[in-house]
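For reference, the structure discussed in these notes is given below.
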Amino acid sequence: MEHEAAIARSAEAIRLHRAHNILIEAGAEPVVERLARRLPPIPETLPDLWAWTFVAKDMIDVAGLPTTRGSILYGGAEALATAPCVEALERAGALLVGKANQHEFAWGVTSENPHWGDVGNPRHGHLSPGGSSGGTAAALAAGIARFGLGTDTGGSVRIPAACCGVVGLRPRVGRLSSEGVAPLAPMFDVVGPMTTSVADCARVWRALSGERVEAPPSLSGLVVGVAEGCAQAGEFAGLGAELREVALPYGILAPYWTIVGAQARRTHEATYPRAAASYSAGVRGKLGAVTEVGHRGFLAAVEELAAFRAAFATVMSGIDVLVMPTLGGPAPRAGCDEAAIRGEVGRITAVISALGLPALAVGDLQLVGRREADVLRAALCREAAGGTVPEPR
């Protein structure tokens with residue numbers, strides 16, 4: 001049967017890539033074995049994602065499985081309910097084969113994890129898989145799953161997509177339910193699908209959101225803004241788009257990081273600094289470096305952020321889609337000092353998160369628009385014309 005064969009392929013890939021620490025198995029038995037014992041009945045009409053295997057980042061609840069958040073402080077009890085984003089995928093016929101490893105608490109760009117093992121990059125062994133959804137991206141690159149779910153606050157879906165050569169969508173905040181998903185900084189946290197092609201991403205997006213997106217025959221009439229000297233800009237011109245240079249508003253990062261730090265400190269107030277010794281040195285350092293921000297300081301940062309967003313909306317007037325690199329510099333090398341490189345690696349993705357715009361990473365190519373359908377259509381058109389997933393620098 002098709003779904004049994006899909007599970008068997010996942011199980012074999014898990015075995016082959018065990019040394020890459022791609023999955024967190026904190027439950028009583030491996031998730032793929034649990035699934036094999038509880039195969040769903042075959043419906044009369046096969047749903048859209050029938051027998052598509054997937055992994056969920058271990059920030060996301062699945063009933064009966066622990067949710068560790070990549071930490072040793074959590075995961076001692078089974079989740080009581082399944083997050084709506086996972087339920088939607090399972091209703092569409094998809095098969096959960098594992099909980100994906102990650103940077104601890106979804107706060108980091110390398111997915112080095114002292115508690116569950118550093119995630120390896122199956123496609124580019126000399127590189128980090130990126131973070132914080134590094135395990136999800138690595139699972140796709142290793143053939144463990146056809147697609148996955150990650151979370152993204154400042155680039156945590158898109159950076160791993162670039163490092164592992166896959167596709168990752170950051171929707172707008174609130175577009176998908178965050179129920180059953182552990183927070184980092186709720187003002188910017190989202191759940192997003194990760195796949196190996198744009199076509200698969202559009203199909204998973206339909207299962208998650210109900211929105212059908214199809215490839216247009218060309219990009220004629222579309223105005224594409226080009227930022228950061230995007231190497232693929234000419235491809236969009238070749239598909240009929242008009243190109244315009246655009247500068248990103250890096251000043252928005254000051255209020256953005258103020259808000260992220262304040263919300264992250266609030267998220268961890270029950271365990272930090274009381275249980276600081278149970279945190280990795282990297283995340284402990286980030287929390288320790290957060291400047292105390294009171295109510296007035298927080299409101300001032302929110303107001304400043306809103307002003308940057310309004311100003312950039314004017315810049316975007318007449319532009320349909322922006323294209324730019326995903327990574328702000330070379331992909332992080334395996335074993336690098338995360339603290340030394342995270343600012344550069346995530347500088348572009350963080351700006352887009354701060355602006356509140358949806359973004360699609362096709363490897364190291366990032367498309368940004370006003371709606372998820374905007375970026376998916378442009379990327380689908382490029383893919384249909386032979387556009388491939390750009391390699392990490």
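In this chain, numbering begins with 1 at the start of the sequence shown.
For the pair Thr67 and Glu78, the minimum side-chain heavy-atom distance is 4.5 Å or more. In this structure, Cys164 and Arg123 have side chains that are not in contact, with every pair of non-hydrogen atoms separated by 4.5 Å or more. Two residues are said to be in side-chain contact when any heavy atoms from C-beta on lie closer than 4.5 Å; Leu149 and Leu89 meet this criterion. Between Phe54 and Val86, the closest side-chain pair of non-hydrogen atoms falls below 4.5 Å. Looking at heavy atoms from C-beta onward, Leu376 lies in side-chain contact with Leu360 at the 4.5 angstrom threshold. The closest side-chain heavy-atom distance from Ile22 to Ile144 is below 4.5 Å. Between Cys201 and Val204, the closest side-chain pair of non-hydrogen atoms is not below 4.5 Å. Ser111 has its side chain within reach of Pro129: a pair of non-hydrogen atoms, C-beta onward, lies under 4.5 Å apart.
Residues Thr151 and Ala106 come closest through the heavy atom pair OG1-CB, 4.1 Å. Across all their heavy atoms, Arg370 and Ile319 have their closest contact at NH1-O, 2.6 Å. Taking all atoms of both residues into account, the shortest heavy-atom contact from Ser177 to Pro84 is OG-CG, 3.8 Å. Across Val290 and Arg265, no two heavy atoms sit closer than the pair O-NH1, 3.8 Å. Ala51 and Glu2 get closest at one heavy-atom pair: CB-CG, 3.9 Å. Here the closest non-hydrogen pair linking Glu12 and Arg15 is OE2-NH2, 2.6 Å.
In terms of hydrophobic clustering, with Ile, Leu, Val, Met, Phe, Trp and Tyr side chains grouped at heavy-atom distances under 4.5 Å, Phe188 and Leu299 are assigned to different clusters. Note on Val321: it does not cluster hydrophobically with Phe312, by side-chain heavy-atom contacts below 4.5 Å among ILVMFWY residues. Trp205 and Val157 fall into different hydrophobic clusters, where Ile, Leu, Val, Met, Phe, Trp and Tyr residues are linked whenever their side-chain heavy atoms come under 4.5 Å apart, directly or through other members. Residues Ile159 and Ile348 fall into different hydrophobic clusters, defined by Ile, Leu, Val, Met, Phe, Trp and Tyr side chains chained together at heavy-atom separations under 4.5 Å. Transitive grouping of hydrophobic side chains (ILVMFWY, heavy atoms separated by less than 4.5 Å) keeps Val32 and Leu96 in distinct clusters.
Judged purely by distance below 3.5 Å, without hydrogens or angles, the side chains of Ser156 and Ser132 pair a donor atom with an acceptor atom. Side chain to side chain, Thr388 and Arg382 fail the donor-acceptor criterion of an N or O pair below 3.5 Å. For the residue pair Ser280/Glu104, the side-chain donor-acceptor check at 3.5 Å is satisfied. Donor-acceptor pairing under 3.5 Å is recorded for the side chains of Ser133 and Lys57.
The CD atom of Gln366 sits 10.0 Å away from atom CZ of Arg170, with the distance rounded to the nearest 0.5 Å. How far CG of Leu243 is from SG of Cys230: 9.5 Å, rounded to the nearest 0.5 Å. Separating the CD atom in Gln102 from the CD1 atom in Ile24 is a distance of 5.5 Å, to the nearest 0.5 Å. For the atom pair CG (Leu327) and CZ (Arg158), the distance works out to 10.5 Å, reported to the nearest 0.5 Å. Annotation: the span from Arg342 atom CZ to Trp107 atom CH2 amounts to 8.5 Å, rounded to 0.5 Å. With rounding to the nearest 0.5 Å, the separation of CH2 in Trp116 from OG in Ser71 is 9.0 Å.
Ser10 places no side-chain N or O within 3.5 Å of a backbone atom of Val97 that could act as its donor or acceptor partner. Panel note: side chain Thr53, backbone Arg146; a donor-acceptor pair is recorded below 3.5 Å. The main-chain N or O of Met187 is found under 3.5 Å from a side-chain atom of Gln263 such that the two form a donor-acceptor pair. Of the possible polar contacts, none joining the Arg347 side chain to the Val345 backbone as a donor-acceptor pair under 3.5 Å is found. A donor-acceptor pair under 3.5 Å is absent between the side-chain atoms of Asp58 and the main chain of Asn101, judged by distance alone. Looking only at distances, no side-chain donor or acceptor of Arg9 sits under 3.5 Å from a matching main-chain atom of Glu4. A donor-acceptor pair is defined here as one N or O able to donate and one able to accept, closer than 3.5 Å; such a pair exists between the side chain of Glu338 and the backbone of Val109. The backbone N or O of Gly356 sits nowhere less than 3.5 Å from a side-chain atom of Arg172 that would complete a donor-acceptor pair. Judged by distance alone, the side chain of Asn113 and the main-chain N or O of Gly70 form a donor-acceptor pair under 3.5 Å. Between the Ser128 side chain and the Thr110 main chain, a donor and an acceptor come within less than 3.5 Å of each other.
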**Q.** Val213 vs Leu380, side-chain contact (heavy atoms from CB on, under 4.5 Å): CA-CA, chis, key distance, verdict
**A.** CA-CA 9 Å; Val213 183; Leu380 283 167; 4.1 Å; yes

Q: Let me see the working for Asp374 and Arg371 under salt bridge (charged side-chain N to carboxylate O under 4.0 Å, His left out), right down to the final yes or no.
A: CA-CA 5 Å; Asp374 296 339; Arg371 301 177 304 149; 3.2 Å; yes

**Q.** Derivation and outcome, side-chain contact (heavy atoms from CB on, under 4.5 Å), residues Val224 and Asp320
**A.** CA-CA 6 Å; Val224 172; Asp320 300 293; over 6 Å; no

Q.
Before you tell me yes or no, could you show the steps for Lys99 and Glu25 under salt bridge (charged side-chain N to carboxylate O under 4.0 Å, His left out), namely the whole-Å CA-CA distance, both residues' side-chain angles and the distance that decides it to 0.1 Å?
A. CA-CA 7 Å; Lys99 300 295 289 293; Glu25 296 288 6; over 6 Å; no

(Q) Would Ile341 and Cys336 count as a side-chain contact (heavy atoms from CB on, under 4.5 Å) here? Give the steps. (A) CA-CA 8 Å; Ile341 56 90; Cys336 67; 3.8 Å; yes

Q: Under the salt bridge (charged side-chain N to carboxylate O under 4.0 Å, His left out) rule, what do Arg34 and Glu29 come out as? Steps first, then yes or no, please.
A: CA-CA 7 Å; Arg34 177 180 186 261; Glu29 64 179 329; 5.3 Å; no

Q | Derivation and outcome, side-chain contact (heavy atoms from CB on, under 4.5 Å), residues Leu176 and Ser209 | A | CA-CA 7 Å; Leu176 300 178; Ser209 69; 4.2 Å; yes

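With Phe105 as the aromatic partner, Arg69 does not meet the cation-pi criteria of under 6.0 angstrom to the ring centre and within 45 degrees of the ring axis.
Checked for salt-bridge contact, Glu372 and Arg175 meet the test: a charged N lies under 4.0 Å from a carboxylate O. Note on Arg274 versus Glu269: no salt bridge recorded, every NZ/NE/NH1/NH2 to OD/OE distance being 4.0 Å or above.
Put simply, the residue from Leu248, Asp364, Leu365, Val226 that forms a side chain to side chain contact (heavy atoms under 4.5 Å, CB included) with Met324 is Leu248.
Counting heavy-atom neighbours within 6.0 Å of His126 NE2, excluding the residue itself, gives a total above 12. The number of heavy-atom neighbours closer than 6.0 Å to CZ of Arg37, taken from other residues, nucleotides and ligands shown, is above 12. In Glu179, the CD atom is not crowded: 12 or fewer heavy atoms of neighbouring residues, nucleotides or ligands sit closer than 6.0 Å.
In this structure, Tyr279 and Tyr272 have perpendicular ring planes: the angle between them is above 60°, well past the 30° mark.
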